[in-house]
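What follows is a short report on a single structure.
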Amino acid sequence: MSFVHLHVHSEYSLLDGSGRIPALVARANELGMPALALTDHGTMHGAIDFYRACRRAGIRPIIGIETYLAARGMTDRSTLEDRQRSHLLLLAMDDTGYKNLLKIASDSQLIGFYYKPRIDKEYLAAHSAGIICTSGCLSGEIPRHLRQGNTDAANRAAEWYLDVFGRERFFFEVQDHDIPELDEVNRHLVGMSKRYDVRLVATNDVHYVNREDAVAHDILLCIQTASVRAERKRMRMDSDTYFLRSADQMAALFPDHPEALKNTLLVAEMCDVDPEPEGYHLPLFPIPPDHSGADAYLRHLCLIGLESRFGAQAESPEVMDRLDHELTIIHQMGF
């Protein structure tokens with residue numbers, strides 16, 4: 001059977017992911033996968049390079065982000081609680097979703113940054129159109145509640161995501177790594193999937209391309225945390241399983257839930273984004289209501305500028321002819 005990786009970190013997850021985009025795409029293509037996602041931590045810096053690499057390889061690019069959800073508001077920075085945040089996996093389903101992901105990536109850095117780039121639930125709900133959401137990894141809000149034995153809080157969180165995204169755009173995400181709590185969390189997520197009639201999706205928390213890259217990735221984590229590999233109490237991955245597993249390897253992990261693997265193909269089919277449409281890519285400038293259109297308003301601004309620069313000579317034939325010439329070119333070019 002086929003499979004699509006939906007939870008993938010590249011080198012743009014700085015000092016956390018070591019897989020370079022060309023290598024990730026080449027390996028997915030080698031494995032015969034029809035699509036691949038990019039979900040870097042708090043950033044979308046690699047989105048365009050990833051999109052182009054996937055297009056060249058003939059596989060569908062799925063553009064996403066693993067954002068950080070603030071414990072309170074995204075502008076709160078006054079308590080120890082504000083240092084806490086949950087991971088959340090978001091995928092752009094269409095061009096509207098892609099634009100919302102860009103806003104999320106930018107505002108999480110410019111407005112919400114506190115140790116990590118953060119958003120909050122109110123912001124997420126306001127920018128949820130065109131986005132697919134999953135429950136995320138063990139650091140996600142729902143899995144974290146389940147790890148703490150707080151099933152009521154997990155249920156309340158799941159109901160909030162369902163209210164925002166609906167059953168078509170929200171998935172419970174299951175993973176299989178060598179983490180003791182993961183089996184119990186997966187069991188609860190499968191139960192919640194049945195209770196809420198929400199689909200499961202299987203992922204591998206990819207941080208490097210091949211299994212043999214695990215040591216190099218561990219060194220990268222040491223650089224991030226200013227540690228040495230010999231230290232026992234430091235941040236580390238639990239195993240060497242965070243690579244781009246094959247479809248058969250993923251199927252072997254979830255023999256009782258083949259639908260979780262099949263649903264990765266469904267998500268891939270749901271996602272169709274073109275971040276490089278033909279034509280000019282220009283920002284929209286609002287036109288004051290007392291002006292008839294963009295052409296007239298631009299001429300109005302130019303006349304003001306001419307007066308400030310040329311004074312009494314602003315309306316001379318030479319200046320006006322040059323203005324008419326320049327504006328004609330701008331309008332003919334569609335700018």
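Thr328 places a side-chain N or O within 3.5 Å of a backbone atom of Asp324 that can act as its donor or acceptor partner. For Asp95 (side chain) and Asp274 (main-chain N/O), a donor-acceptor pair under 3.5 Å exists by modelled atom type. In this structure, the side chain of Arg60 engages the main chain of Glu269 through a donor-acceptor pair within 3.5 Å. Counting only distance, with no hydrogens or angles, the side chain of Asn155 and the backbone of Asp152 share no donor-acceptor pair below 3.5 Å. Within the 3.5 Å criterion, the main-chain N or O of Asp238 finds no donor-acceptor partner in the side chain of Asp178. No side-chain donor-acceptor contact under 3.5 Å links Thr241 to the backbone of Ser239. Not one N or O on the side chain of Asp120 forms a donor-acceptor pair closer than 3.5 Å with the backbone of Gly73. A donor-acceptor pair under 3.5 Å is absent between the side-chain atoms of Arg195 and the main chain of Ser193, judged by distance alone. A donor-acceptor pair under 3.5 Å links the side-chain atoms of Ser135 to the main chain of Glu173, judged by distance alone. Under the 3.5 Å distance criterion, the side-chain polar atoms of Glu66 are left unmatched by any main-chain donor or acceptor of Gly136.
Two residues are said to be in side-chain contact when any heavy atoms from C-beta on lie closer than 4.5 Å; His7 and His87 fail this criterion. Residues Asp16 and Gln224 are in side-chain contact: their nearest non-hydrogen atoms beyond the backbone lie under 4.5 Å apart. Within the 4.5 Å cutoff, the side chain of Ile142 has heavy atoms near those of the Met192 side chain. Within the 4.5 Å cutoff, no side-chain heavy atoms of Lys99 are placed close to those of Asp94. Using a 4.5 Å cut-off on side-chain heavy atoms (C-beta onward), Tyr208 and Val215 make no contact. Side-chain contact between Leu6 and Thr39: absent, with no pair of heavy atoms (C-beta onward) separated by less than 4.5 Å. In this structure, Asn263 and Phe172 have side chains that are not in contact, with every pair of non-hydrogen atoms separated by 4.5 Å or more. Contact check for Val4 versus Val267: no side-chain heavy atoms found under the 4.5 Å cut-off.
Pairing each heavy atom of Gly97 with each of Ala92, the nearest pair is C-CB, 3.9 Å. The two residues Gly19 and Leu24 make their nearest non-hydrogen contact at O-CD1, 3.6 Å. The minimum heavy-atom distance linking Arg77 with Gly112 is given by the pair NH2-C, 3.6 Å. The nearest pair of heavy atoms linking Leu38 to Ala47 is CD2-N, 4.2 Å. Nearest heavy atoms, Leu101 versus Leu91: CD1-C, 4.1 Å. Here the closest non-hydrogen pair linking Tyr51 and Pro275 is CE1-CD, 3.3 Å.
At most 12 heavy atoms of other shown residues, nucleotides or ligands fall within 6.0 angstrom of atom CZ in Arg309. Within 6.0 Å of atom CZ in Arg322, 12 or fewer heavy atoms from other residues, nucleotides or ligands are found, so the atom counts as exposed in its surroundings. Atom CD of Glu315 has 12 or fewer neighbouring heavy atoms from other residues, nucleotides or ligands inside a 6.0 Å radius. Shown here is Glu318, whose CD atom has no more than 12 heavy atoms of other residues, nucleotides or ligands within 6.0 Å. Remark: Arg299 CZ is packed, more than 12 non-hydrogen atoms of other residues, nucleotides or ligands lying under 6.0 Å away. At most 12 non-hydrogen atoms from other residues, nucleotides or ligands lie less than 6.0 angstrom from CD of Glu122. The number of heavy atoms from other shown groups lying within 6.0 Å of CD (Glu307) does not exceed 12.
In summary, Glu159 and Arg156 do not engage in a salt bridge, as defined by a charged side-chain N under 4.0 Å from a carboxylate O. Under 4.0 Å is where a charged nitrogen must lie from a carboxylate oxygen, and between Lys121 and Glu141 at least one such pair does. The residues Arg199 and Glu168 are annotated as salt-bridged, a charged nitrogen and a carboxylate oxygen being separated by less than 4.0 angstrom. Contact check on Arg27 versus Glu30 returns a salt bridge, with a Lys/Arg side-chain nitrogen under 4.0 Å from an Asp/Glu carboxylate oxygen.
Here the straight-line distance linking atom CG of Asp256 with atom CZ of Phe254 works out to 10.5 Å at 0.5 Å rounding. One distance of note links CD1 of Ile330 with CZ of Phe335; it measures 8.5 Å at 0.5 Å rounding. In this structure, CG in Leu102 is found 4.5 Å from CE in Met44, a value given to the nearest 0.5 Å. For the atom pair Tyr68 OH and His41 NE2, the distance stands at 4.5 Å (nearest 0.5 Å). Going from atom CZ of Arg144 over to atom CZ of Arg85 covers 8.5 Å, rounded to the nearest 0.5 Å.
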Subject >> side chain to side chain contact (heavy atoms under 4.5 Å, CB included) evaluation trace for Ser86 with His145 >> reply: CA-CA 11 Å; Ser86 302; His145 287 315; over 6 Å; no
**OP:** Verify salt bridge (charged side-chain N to carboxylate O under 4.0 Å, His left out) between Arg20 and Asp49, making sure each step is shown before the conclusion.
**Re:** CA-CA 10 Å; Arg20 294 186 178 274; Asp49 287 345; over 6 Å; no
**OP:** Carefully, step by step, assess Asp205 and Met237 under the rule side chain to side chain contact (heavy atoms under 4.5 Å, CB included).
**Re:** CA-CA 11 Å; Asp205 196 355; Met237 296 299 196; 5.9 Å; no
Subject >> Verdict with supporting geometry, Thr203 and Gln175, side chain to side chain donor-acceptor pair (under 3.5 Å) >> reply: CA-CA 5 Å; Thr203 71; Gln175 298 182 346; 3.1 Å; yes
**OP:** Evaluate the criterion side chain to side chain contact (heavy atoms under 4.5 Å, CB included) for residue pair Asp40 and His45; output intermediate values, then yes/no.
**Re:** CA-CA 9 Å; Asp40 281 313; His45 297 326; over 6 Å; no
**OP:** Would you please test Phe243 and Asp213 for side chain to side chain contact (heavy atoms under 4.5 Å, CB included) and show each step?
**Re:** CA-CA 8 Å; Phe243 64 99; Asp213 298 332; over 6 Å; no
Subject >> Step-by-step side chain to side chain donor-acceptor pair (under 3.5 Å) determination, Arg245 to Asn204 >> reply: CA-CA 7 Å; Arg245 281 168 157 159; Asn204 205 59; 2.7 Å; yes
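Ring planes of His300 and His291: tilted class, angle from 30 to 60°. Using cut-offs of 30° and 60° for the angle between ring planes, the His5 and Phe3 rings count as perpendicular. Using cut-offs of 30° and 60° on the angle between ring planes, the pair His207 and His217 is perpendicular.
One hydrophobic cluster, built from ILVMFWY side chains closer than 4.5 Å, holds both Phe165 and Leu189. In the hydrophobic cluster analysis, where Ile, Leu, Val, Met, Phe, Trp and Tyr join through side-chain heavy atoms closer than 4.5 angstrom, Leu90 is grouped apart from Val201. Linking Ile, Leu, Val, Met, Phe, Trp and Tyr whenever their side-chain heavy atoms come within less than 4.5 Å puts Ile111 and Ile104 in one cluster. Two different hydrophobic clusters hold Leu88 and Ile62 under the rule that ILVMFWY side chains link at heavy-atom gaps under 4.5 Å. No continuous path of hydrophobic side-chain contacts links Leu138 to Phe171 [ILVMFWY only; heavy atoms under 4.5 Å].
Separation of the Phe113 and Tyr115 ring centroids does not fall under the 6.0 Å cut-off.
Judged by distance alone, the side chains of Tyr114 and Asp82 never bring a donor and an acceptor atom under 3.5 Å apart.
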